[in-house]
Amino acid sequence: MNRPTRLRASSLGLRHIFRWPLLIGLLNVAGLVSALVGDGWYDALSWLLLGGTLILMIVLLAKRSSD
Amino acid sequence: MTQAAIRRWYLVHKWTSLIATLFLLLLCATGLPLIFMDEIDGWLTPPLPAVPAGARTPTIDDIVASARRAHPSEVPMFLNRDEDEPVYFISTATRPDETDDTRIHTDQYDARSGVRLDRPAINHSVMFTILRLHQGLLLGLPGTLFLGMMGVLLLASLVSGAVVYAPFMRKLAFGTVRKHRSRRIRWLDSHNMIGMTTMAWLTVVGATGVINTLAAPVETLWQNGQLAQMTAAYRHVPPPTRLTSVDAAVRTAQAAAPGMAVRFIAFPGTHFSSRHHYAIFLQGSTPLTARLVKPALVDAGTGRLTGIRELPLYAKALFLSEPLHYGDYGGLPLKIIWALLDIAAMAVLASGLYLWLGRRHVPAQTRLSEIRPAGLPEAEA
């Protein structure tokens, strides 16, 4: 029952678990806002960021896992 | 987190999802064609007729006069110009404050010639019915508010989903989809991966969808708040008997807000103006400022500007929620991406439903080991 050790171990684990989802989420929000504030390059950036998420999803679904 | 806490979050995820899933699937399915509403409407409506020889570009007053002639017993309510085509839309009804859509006539006029266009009314099109279904299950405001609650459940499901995601992933790298285990594991991994990668988009579309369901209350709030304040001095003044030129009112409004274009005009007596005013809603030129309209009230008896204001924050939130919900603000590529993300969302909903339906056939031990994979630190169990 040593609480401090447990908390530290679990927060390190959480950081590891949510690292990628958080990064993807932030890039998606940037993409959503980008097309709203301008046209042209701002739109293109939005396509890149949100389209990139779709490509990542397809790659992960297609990838053969070792498990 | 303790096992009991994980279990509680899991129950939140399960029940919020179960209640909302069928409605959310309906919203995804009806939302898909709505993303392309402009394109589909463009294909379905016949092209504009050629401009007759000697035709003169009509003023807004000409359009209003034509509409009055076409519906002698009615008064104009709203006027706006299409964003894609040189077409004016003008709505008329016997009362300017009519709320029953079936009693409002919306006619279209060619903005190059002033000729009335013989096109089917917008509110009879298939797309309009799909929109009504999407916005409120064809049940009006109660349906809309009900779908808003389903949206709130979606947001709760996303939060709880992210919480229960953590214990699944102690031993797995992000995005792993195990294909050589059971079919159930493959669906579970796909559900988790697609759910987590689309989480930001789903949260934005869900939250803005909820805000959109509050459109009617927000309108009432604005009418009783800012609009009432701006027109307070007129409360006991009889309404004008002769109305001044709408074109002059537009020029007056635009002089007060240089560089802004007219989004739409509300005529005196409607819910978006007062009995004394033309309300000219002005918009900027970027996707952002085009949404953040500014109301300018012009006295319809004297033609003088009564006031021009920024919309209050809650109304701005409503206006910004629309593009972020429908994805119609970044060209056709963004719409296609929006549609694919919508399909991904349906995959998350369907896989979640599959996992729940298949649940009862899975031994209790398997369920537990899915929530708590082997090797979870003893202290947390």
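Note: hydrogens, waters and symmetry copies are ignored here, and every other heavy atom, side chains too, is used. Below, read A as the first sequence line, B as the second, and so on, with proteins coming before strands; counting in each chain starts at 1.
A/W47 places a side-chain N or O within donor-acceptor distance of the main-chain N or O of B/G330, the cut-off being under 3.5 Å. Within the 3.5 Å criterion, the main-chain N or O of A/L61 finds a donor-acceptor partner in the side chain of B/K179.
Interface remark: B/L324 contributes side-chain atoms only to the contact with chain A (heavy atom separation under 4.5 Å). Residue contact with chain B, scored on non-hydrogen atoms closer than 4.5 Å, involves the side chain of A/L54 exclusively. Looking at B/M193, only its side chain comes within 4.5 Å of chain A, counting heavy atoms on both sides. Using a 4.5 Å cut-off between heavy atoms, B/A344 touches chain A through its side chain atoms alone. When heavy atoms are compared at a cutoff of 4.5 Å, B/P333 approaches chain A by way of both its backbone and its side chain.
The choice from B/L340, B/L320, B/T286, B/T198 that makes the most heavy-atom pairs within less than 4.5 Å of chain A is B/L340.
Residues of residues 24-31 of chain A lying under 4.5 angstrom from chain B, judged on non-hydrogen atoms, are A/I24, A/G25, A/N28, A/V29 in numerical order.
Between B/I337 and A/G51, the shortest heavy-atom distance links the atoms CD1-N, 3.8 Å. B/P287 approaches A/G38 most closely through the heavy-atom pair CG-O, 3.6 Å.
Side-chain contact between B/L334 and A/S46 is present, with at least one heavy-atom pair separated by less than 4.5 Å.
In this structure, CZ on A/F18 lies 5.0 Å from CE on B/M196, to the nearest 0.5 angstrom. Going from atom OG1 of B/T208 over to atom CG of A/L32 covers 9.0 Å, rounded to the nearest 0.5 Å. Of the inter-residue distances, the one linking B/W201 atom CH2 with A/T53 atom OG1 reads 11.5 Å to the nearest 0.5 angstrom. Put simply, CG on A/L56 and CZ on B/F174 are 6.0 Å apart, with the number rounded to the nearest 0.5 Å.
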